[in-house]
Amino acid sequence: EERRLRAEIESIDTRAAESISSRKRRAITGMIKRAKIRLLGMVPSIPRQSKMDIGALFRPSKKFQGDFYFFHDFGPGRIGVAVYNLSVKGADMVSLNDLVLDTLRNVCTSEVEPKAVLSRLNERLHDILEAGDYATMIYGVVDSEKRTFEFCNAGHSAPLVVNPYGSGEPTFHRSNGIVVGRDQGPMFNTLLETIEIEIGKRDVLLLYTEGLTASVGGPRLKPFGPNQLAATVREYSKQDAHFLIDMLETTVLEYLGDV
């Protein structure tokens, strides 16, 4: 009788544990769905400028990653743009990204210079990020009248410029800068370098995240890499921005064996 009662109790405990586990799974699934909806709602609209052909791609992965972008319209002929990656992953990344976007919007209402924008963002993130967390970010301003892109790069992938009609090779413009949020400010501001590059007529300027070049695929399981990125952009650079981005995405997915 004692063994029978013990068996019944163990059975009840098992069913209760399974019930709790099931409720937890449903709660976690619901949280992830809500977080994804919030994340998609954060995708900024593409500003319209008469002298710029602008395109953007945000393709959510199966897991929460920290890649995102931001636009700020300063008026005719001037666009602020940021592309960044947050080291914080998972559902927590969504709340952090909300804060990053809110900070960028607020700072860009009073600051134009890329270094000032990133410096203010660094101060904010340093106060809230846990030890070891950070963001990589490139932020700059495209000026269609001056035909320039002035930017600072805080540990992010180098911007790529391609001239579809020129004989020159695609160029990655590298600059100095450490990641956002690790240093309180003095070192970050000292090392952050401001670069201004010329953007010729019909030139293509590509900002991207490391998730693109680091994507592993092909028969040898190698990263897609910057060379293939530059070659792909060069191949489709005579087309409009949306077509170029579509073909770049298709090329990467084919490389990964995902289409």
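Any value given below was found using the heavy atoms of this structure, including those in side chains, with hydrogens, waters and symmetry copies removed.
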Legend entry - Cationic N near anionic O, under 4.0 Å, Glu111 to Arg120: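 Salt bridge present between Glu111 and Arg120.
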
Legend entry - Pair Glu145 + Lys51: basic N to acidic O under 4.0 Å: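 Between Lys51 and Glu145 there is a salt bridge, with a charged N closer than 4.0 Å to a carboxylate O.
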
Legend entry - Hydrophobic cluster of Tyr165, others only, ordered by chain and residue number, side-chain cut-off 4.5 Å: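 None; Tyr165 is a cluster of one.
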
Counting N and O atoms only, with roles assigned by atom type, does the side chain of [X] sit under 3.5 Å from a partner on the main chain of [Y], one being a donor and the other an acceptor?
{"X": "Thr171", "Y": "Glu169", "answer": "yes"}
{"X": "Asp203", "Y": "Gly200", "answer": "yes"}
{"X": "Tyr208", "Y": "Leu160", "answer": "no"}
{"X": "Arg182", "Y": "Gly132", "answer": "yes"}

Indicate yes or no: at least one non-hydrogen side-chain atom of [X] is less than 4.5 angstrom from one of [Y].
{"X": "Arg202", "Y": "Asn163", "value": "no"}
{"X": "Pro159", "Y": "Phe172", "value": "no"}
{"X": "Leu96", "Y": "Leu125", "value": "yes"}
{"X": "Ile79", "Y": "Val141", "value": "no"}
{"X": "Val161", "Y": "Pro170", "value": "no"}
{"X": "Arg48", "Y": "Asp73", "value": "no"}
{"X": "Val233", "Y": "Val204", "value": "yes"}
{"X": "Gln239", "Y": "Met247", "value": "no"}

Connected via hydrophobic side-chain network under 4.5 Å: [X] and [Y]:
{"X": "Leu207", "Y": "Leu104", "answer": "yes"}
{"X": "Met187", "Y": "Leu121", "answer": "yes"}
{"X": "Ile245", "Y": "Val162", "answer": "no"}
{"X": "Tyr84", "Y": "Leu99", "answer": "yes"}
{"X": "Leu101", "Y": "Ile128", "answer": "yes"}

Show the nearest heavy-atom pair for residues [X] and [Y], with the distance to one decimal.
{"X": "Ser175", "Y": "Ile195", "value": "CB-CG1, 3.5 Å"}
{"X": "Leu248", "Y": "Leu206", "value": "CD2-CD2, 4.3 Å"}
{"X": "Ser45", "Y": "Phe71", "value": "O-CD1, 3.7 Å"}
{"X": "Ala154", "Y": "Val180", "value": "CB-CG2, 3.7 Å"}
{"X": "Tyr139", "Y": "Gly80", "value": "OH-CA, 3.8 Å"}
{"X": "Cys108", "Y": "Phe70", "value": "SG-CE2, 4.0 Å"}

Approximate separation, where rounding is to 0.5 Å, of [X] [atom1] and [Y] [atom2]:
{"X": "Leu244", "Y": "Ser237", "atom1": "CG", "atom2": "OG", "value": "7.0 Å"}
{"X": "Thr250", "Y": "Tyr236", "atom1": "OG1", "atom2": "OH", "value": "8.0 Å"}
{"X": "Cys152", "Y": "Glu113", "atom1": "SG", "atom2": "CD", "value": "8.5 Å"}
{"X": "Asp67", "Y": "His156", "atom1": "CG", "atom2": "NE2", "value": "7.5 Å"}
{"X": "Arg78", "Y": "Asp143", "atom1": "CZ", "atom2": "CG", "value": "5.5 Å"}
{"X": "Leu205", "Y": "Ile197", "atom1": "CG", "atom2": "CD1", "value": "6.0 Å"}

Between [Y] and [X], is there a side-chain donor-acceptor contact under 3.5 Å, judged purely by atom types and distance?
{"X": "Ser119", "Y": "Asn189", "answer": "yes"}
{"X": "Asn153", "Y": "Glu193", "answer": "no"}
{"X": "Asp183", "Y": "Tyr134", "answer": "no"}

Inset, instruction - Mind telling me whether Phe74 and His72 have parallel, tilted or perpendicular rings, with 30° and 60° as the class edges? - result: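 Rings of His72 and Phe74: perpendicular, as their planes differ by over 60°.
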
Inset, instruction - Classify the angle between the aromatic ring planes of Phe149 and Phe151 as parallel (below 30°), tilted (30 to 60°) or perpendicular (above 60°). - result: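 Ring orientation of Phe149 relative to Phe151: parallel.
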
Legend entry - Glu210, CD atom: more than 12 neighbouring heavy atoms under 6.0 Å: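 Count not over threshold, so no.
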
Inset, instruction - May I have the step-by-step check of side chain to side chain contact (heavy atoms under 4.5 Å, CB included) for Ile199 and Thr148, ending in yes or no? - result: CA-CA 5 Å; Ile199 304 295; Thr148 58; 5.8 Å; no

Legend entry - Positive for side-chain contact (heavy atoms from CB on, under 4.5 Å) with Phe224, one of Thr232, Val216, Leu256: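 Between Phe224 and the candidates, side-chain contact (heavy atoms from CB on, under 4.5 Å) is satisfied uniquely by Thr232.
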
Legend entry - Criterion side chain to side chain contact (heavy atoms under 4.5 Å, CB included) on Asn176 and Leu191, from CA distance to verdict: CA-CA 6 Å; Asn176 295 323; Leu191 295 178; 5.5 Å; no

Legend entry - Gln184/Asp127 under side chain to side chain donor-acceptor pair (under 3.5 Å): CA gap, chis, key distance, verdict: CA-CA 8 Å; Gln184 191 169 9; Asp127 291 339; 5.5 Å; no

Legend entry - Output field: ring centroids Phe58/Phe68 closer than 6.0 Å: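 They qualify: ring centres under 6.0 Å apart.
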
Inset, instruction - Could you please spell out the steps behind the side chain to side chain contact (heavy atoms under 4.5 Å, CB included) verdict for Leu192 and Ile178? - result: CA-CA 7 Å; Leu192 192 63; Ile178 61 174; over 6 Å; no

Legend entry - Non-neighbouring partners of Glu130 that pass side chain to side chain contact (heavy atoms under 4.5 Å, CB included), sequence neighbours left out: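 Once residues adjacent in sequence are excluded, the partners of Glu130 under the side chain to side chain contact (heavy atoms under 4.5 Å, CB included) criterion are Asp133.
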
Inset, instruction - Report the C-alpha separation of Glu198 and Lys146 in whole Å, then their side-chain angles, then the decisive distance to 0.1 Å, and conclude whether the salt bridge (Lys or Arg N to Asp or Glu O under 4.0 Å) test is met. - result: CA-CA 8 Å; Glu198 292 185 4; Lys146 293 169 59 179; over 6 Å; no

